[in-house]
Q: 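The structure that follows is given in the form of structure tokens.
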Amino acid sequence: MSEILNKIKLEIDNYAKDSNLTELQIVEKLEKHYFNKKVNDNLKLYKKGKKKVSDITKDLKISPRKFYAILEKKKIEHKKYNKG
């Protein structure tokens with residue numbers, strides 16, 4: 001496992017040298033990419049009704065508010081609840 005991680009670290013270092021990005025910027029971009037990939041996978045299940053909001057928010061480690069904001073941003077229909 002550590003050998004694989006060393007290869008990944010080496011690739012990130014090489015990419016940082018070739019581009020004008022720092023290692024942390026590269027890791028942040030990768031994090032955004034994989035987070036969006038996981039969100040899209042969960043949204044497919046949400047649309048089909050196979051996964052609940054509470055399960056998705058636990059899986060993604062985000063708040064329900066943030067998840068509903070993602071739904072509105074992607075223009076996906078969802079039930080709106082009134083607090084009162």
Side-chain angles (χ1 to χ4, degrees):
M1 182 70 177
S2 64
E3 186 178 317
I4 296 170
L5 287 176
N6 286 334
K7 287 181 182 179
I8 294 170
K9 289 177 191 176
L10 183 64
E11 287 295 322
I12 290 173
D13 289 338
N14 289 338
Y15 185 75
K17 287 178 188 175
D18 293 341
S19 67
N20 53 352
L21 298 172
T22 65
E23 289 86 356
L24 286 176
Q25 289 172 325
I26 295 167
V27 171
E28 286 173 6
K29 287 186 179 209
L30 287 171
E31 183 181 9
K32 286 180 188 176
H33 169 75
Y34 286 108
F35 178 77
N36 287 335
K37 185 177 177 182
K38 200 168 187 181
V39 166
N40 289 334
D41 291 342
N42 280 309
L43 285 177
K44 288 177 188 174
L45 294 172
Y46 175 77
K47 285 180 188 177
K48 292 178 183 177
K50 293 184 178 181
K51 203 162 188 184
K52 295 181 182 179
V53 173
S54 60
D55 296 332
I56 293 171
T57 56
K58 284 179 190 174
D59 188 33
L60 296 174
K61 296 177 183 145
I62 59 172
S63 69
R65 260 189 194 175
K66 191 169 183 179
F67 181 71
Y68 285 118
I70 291 171
L71 288 176
E72 287 182 13
K73 184 179 176 184
K74 295 191 179 248
K75 297 178 181 159
I76 297 174
E77 280 190 38
H78 61 280
K79 223 177 209 182
K80 293 186 179 182
Y81 297 100
N82 293 331
K83 290 182 181 178

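Only a predicted model underlies this, so the values are computations on that prediction, with no experimental measurement involved.
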Q: Quick one: NZ on Lys66 to NZ on Lys61, what's the gap to the nearest 0.5 Å?
A: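 Result: 13.5 Å between the selected atoms.
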Q: For residues 47-57, tabulate all N or O donor-acceptor pairs below 3.5 Å that involve a side-chain atom, not counting sequence neighbours.
A:
{"unit_1": "Lys51", "atom_1": "NZ", "unit_2": "Asn42", "atom_2": "OD1", "d": "2.7"}
{"unit_1": "Lys51", "atom_1": "NZ", "unit_2": "Asp59", "atom_2": "OD2", "d": "3.4"}
{"unit_1": "Thr57", "atom_1": "OG1", "unit_2": "Val53", "atom_2": "O", "d": "3.1"}
{"unit_1": "Thr57", "atom_1": "OG1", "unit_2": "Ser54", "atom_2": "O", "d": "3.0"}

Q: Tell me which donor-acceptor pairs under 3.5 Å the side chains of residues 21-28 have, and how far apart each pair is, sequence neighbours excluded?
A:
{"unit_1": "Thr22", "atom_1": "OG1", "unit_2": "Gln25", "atom_2": "N", "d": "3.3"}
{"unit_1": "Gln25", "atom_1": "OE1", "unit_2": "Thr22", "atom_2": "N", "d": "2.8"}

Q: Filter on ring-ring contact (aromatic ring centres under 6.0 Å, His included), then keep only pairs touching residues 17-54, sequence neighbours left out; what's left?
A: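 Residue pairs passing ring-ring contact (aromatic ring centres under 6.0 Å, His included), neighbours aside: Tyr46-Phe67.
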Q: Excluding sequence neighbours, so at least two apart, what forms side chain to side chain contact (heavy atoms under 4.5 Å, CB included) with Ser2?
A: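 Expected list: none.
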Q: Among residues two or more places apart or on two chains, list those pairs meeting side-chain hydrogen bond (donor to acceptor under 3.5 Å, both in side chains) that have a residue in residues 6-18.
A: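 Found none.
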Q: Distance from Leu60 atom CG to Ile70 atom CD1, nearest 0.5 Å?
A: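 Atom-to-atom, Leu60:CG and Ile70:CD1 are 7.0 Å apart.
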Q: Does Asn40 have any side chain to side chain donor-acceptor pair (under 3.5 Å) partners at least two apart in sequence or in another chain, and if so, which?
A: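 Asn40 satisfies side chain to side chain donor-acceptor pair (under 3.5 Å) with Lys74 only.
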